[in-house]
Amino acid sequence: MKSTKEIMVGAGEAATNNGVIVSSGNIAKGERVFEWVKRGIMGKSALNICSYGMVAMEKDTAPDAQEGYLVPADNATLTNNGSVTLHYKDIAAAFKEQLKIATDRTRKYDAVFAWGMFAGKNSKLINNGDLNLVYDEEDADATCELFSHPMYTGPDSAMINNGTVTLTGSGSAGANVHGINAGLGDKNVRIENNGTLHIDVARTFSIRALTTTETGVDIINSGSVYAKGDSTVWAIFTRVTKDTSGINTGKITAISEGRLASPLGGMLFPFMPGAFAISGGANPGTSGSLVNHGILRACVQGEAAAPYAVANGILVYNSQKDGGVTTVINTGTIEVPSSVKPCAENQNIVRVAELGINSFSQRNGEFQTERVKIKEFATTLRDFAKTKDFIQAYKAVIDVSEMNLILRPADGYEPNTAYTISKDTLVTKIFPYYVDYSDSTVKNVADRGVSDYEVSVIGMGSVKFTSADDEHFAVNVTKTGEGDETSYSVSLSQK
């Protein structure tokens with residue numbers, strides 16, 4: 001393929017790249033950058049310096065705009081059939097003294113953004129080729145923010161990856177690593193990953209592979225997502241507000257080394273370290289769904305992993321107030337291996353579970369009650385009371401009245417071995433950890449004198465059990481008790 005320059009079009013225009021675009025934002029080499037104003041973040045505006053591959057932009061006409069400021073252009077169509085590679089090293093070095101850092105928030109630029117493909121509302125981005133973003137900034141401890149966005153649009157848009165998106169490199173304390181993203185205000189967006197999204201960045205503030213924080217957004221993964229970093233790693237991240245869903249039919253792997261990130265100043269406090277394959281939570285009066293029909297793997301690993309690090313295949317959390325209802329469906333496979341040691345100072349429980357509900361907080365310990373309805377959930381038959389790794393929850397109302405527990409034998413399972421399944425064995429109640437914004441230290445809600453887990457399980461009397469392999473195994477169930485006090489003795493026998 002032939003080398004070509006960065007591509008910038010305007011509103012209502014279309015562009016296709018069939019060549020090779022490489023940029024590190026080095027103006028001296030003739031590579032292009034632009035100033036972009038992000039408006040409406042908590043009522044404020046943020047000025048950023050940007051490198052890019054393919055974008056749709058237009059002049060900023062806001063009253064406070066200055067000459068040269070650009071904003072995303074609407075109704076654009078961008079298609080990449082070739083290759084786009086963006087590096088951070090040169091642009092981070094060139095604007096280093098103008099970038100805000102943790103100890104100086106008065107500088108000109110809020111952050112560096114690298115845009116693989118970027119457009120405004122009512123737009124469509126299609127990647128059939130390669131999008132590569134390389135975190136090669138030389139100062140690993142630098143707290144200037146370096147945002148990556150291989151694909152990003154405004155509201156009422158679609159982003160489709162049929163090719164390969166790769167984010168790699170050494171990273172830095174300020175590396176905000178995003179894959180395919182619909183941000184604040186970007187409602188009614190469809191995100192599809194039918195190809196490969198691979199993230200492996202050594203030092204980060206956080207990683208979000210497929211992400212939204214708005215309503216009416218569908219995130220659908222039928223391809224492969226691999227996300228690995230040292231701090232907080234979300235593979236599919238949704239704030240499950242009205243008509244929003246995170247659906248996986250492919251394979252997702254989220255791996256964290258369990259390190260607490262550094263504060264970046266302003267409102268950028270570190271998240272709790274952990275790995276989450278699918279996550280979200282429903283706001284009041286709304287509903288959404290987190291669905292897995294494929295393979296999920298969430299893992300905290302490494303000698304430096306903090307004992308409070310969390311790994312969940314599916315995580316329900318982050319409602320703004322006592323929330324609506326989040327529906328959880330898992331007919332696929334969830335794996336949550338971990339090398340983290342138990343938290344001896346708090347319940348001696350490893351914070352690892354197939355489903356976590358309020359097991360993690362990024363909001364200064366402001367946990368809200370999550371309402372979760374589990375419809376189908378495939379898992380291995382084991383002694384949940386002993387492993388404590390099926391559901392871990394705090395401040396939750398868990399409705400299992402329509403739950404079909406789809407069982408397969410765990411490794412080493414002896415046929416006809418029965419285990420008790422009740423509200424007390426299904427759910428392990430925990431006191432979660434959080435980051436205190438006043439000093440960026442990790443604390444536990446129990447340290448505040450909290451003594452009630454506030455977890456209730458309803459509908460136990462209606463739980464159904466089926467075999468994941470009906471040809472080879474039968475499910476045997478003995479039911480005792482009534483209502484929410486119902487208990488089941490469950491075993492699998494070979495046919």
With a 4.5 Å limit on heavy-atom distance, are the side chains of [X] and [Y] in contact?
| X | Y | answer |
| --- | --- | --- |
| Tyr308 | Leu260 | yes |
| Ser359 | Leu315 | yes |
| Asn48 | Tyr109 | no |
| Ile255 | Val233 | no |
| Leu47 | Glu35 | yes |
| Ile458 | Val397 | yes |
| Ser51 | His87 | no |
| Val112 | Cys144 | no |

Can a donor-acceptor pair be found, under 3.5 Å and without considering hydrogens, that links the side chain of [X] to the backbone of [Y]?
| X | Y | result |
| --- | --- | --- |
| Ser289 | Thr327 | no |
| Asn358 | Gln368 | yes |
| Asp60 | Trp36 | no |
| Glu454 | Tyr394 | no |
| Thr232 | Met272 | yes |
| Thr77 | Ala14 | no |
| Ser172 | Asp141 | no |
| Arg32 | Glu6 | yes |
| Ser222 | Gly250 | no |
| Thr143 | Ala102 | yes |

Between [X] and [Y]: side-chain donor-acceptor atoms closer than 3.5 Å:
| X | Y | value |
| --- | --- | --- |
| Asp74 | Asn122 | no |
| Ser83 | Asp130 | no |
| Asp230 | Thr204 | yes |
| Thr196 | Thr164 | no |

Heavy atoms only: give me the nearest [X]-[Y] pair and the separation to one decimal.
| X | Y | answer |
| --- | --- | --- |
| Gly116 | Leu86 | N-CD1, 3.8 Å |
| Gln392 | Val352 | NE2-O, 3.1 Å |
| Pro273 | Gly258 | CB-C, 3.6 Å |
| Ala119 | Leu78 | CB-CD1, 4.5 Å |
| Ala235 | Ile252 | CB-CG2, 3.3 Å |
| Ala73 | Ser123 | O-OG, 4.0 Å |

side-chain contact (heavy atoms from CB on, under 4.5 Å), that's the test. Do Phe276 and Tyr317 meet it? Break it down for me.
CA-CA 11 Å; Phe276 311 98; Tyr317 85 119; over 6 Å; no
With ring centroids as reference points, do Phe118 and Tyr52 lie under 6.0 angstrom apart?
no
Separation between [atom1] of [X] and [atom2] of [Y], rounded to the nearest 0.5 Å:
| X | Y | atom1 | atom2 | answer |
| --- | --- | --- | --- | --- |
| Ile7 | Thr16 | CD1 | OG1 | 8.0 Å |
| Arg371 | Lys373 | CZ | NZ | 13.5 Å |
| Lys464 | Glu376 | NZ | CD | 10.5 Å |
| Lys395 | Ser456 | NZ | OG | 12.5 Å |
| Leu210 | Asn221 | CG | CG | 6.0 Å |
| Glu354 | Leu296 | CD | CG | 9.5 Å |

Any chance NZ of Lys5 has more than 12 other-residue heavy atoms, nucleotides or ligands included, within less than 6.0 Å?
yes
Counting heavy atoms not belonging to Lys121, are there more than 12 under 6.0 Å from its NZ?
no
Out of Ile278, Ile314, Ile398, Asn292, which residue meets the side chain to side chain contact (heavy atoms under 4.5 Å, CB included) rule with Val328?
Ile314
Provide the full list of side-chain hydrogen bond (donor to acceptor under 3.5 Å, both in side chains) pairs with a residue in residues 89-101, sequence neighbours left out, each pair given once.
Ser24-Asp90, Asn26-Asp90, Lys89-Glu138, Lys100-Asp110
Given His293, which partner from the list Asn330, Thr249, Thr333, Thr331 fulfils the side-chain hydrogen bond (donor to acceptor under 3.5 Å, both in side chains) test?
Thr331
Parallel, tilted or perpendicular, judged at 30° and 60°: which one describes the rings of Tyr135 and Tyr88?
parallel
In terms of the angle between their ring planes, are Phe113 and His149 parallel, tilted or perpendicular, with boundaries placed at 30° and 60°?
parallel
What verdict does the side-chain contact (heavy atoms from CB on, under 4.5 Å) test give for Trp234 and Ser206, after you've listed the backbone C-alpha separation in whole Å, the side-chain angles of each residue and the deciding distance to 0.1 Å?
CA-CA 8 Å; Trp234 292 280; Ser206 69; 4.0 Å; yes
Between Glu145 and Arg105, does any NZ, NE, NH1 or NH2 come within less than 4.0 Å of an OD or OE carboxylate oxygen?
yes
Residues in ring pair (Phe, Tyr, Trp, His ring centres under 6.0 Å) with Phe377, at least two apart?
Phe390
With side-chain contact (heavy atoms from CB on, under 4.5 Å) as the test, would you mind laying out the steps for Tyr152 and Phe147 before giving the verdict?
CA-CA 12 Å; Tyr152 189 110; Phe147 281 88; over 6 Å; no
Would Phe237 and Ile219 count as a side-chain contact (heavy atoms from CB on, under 4.5 Å) here? Give the steps.
CA-CA 9 Å; Phe237 174 92; Ile219 298 179; over 6 Å; no
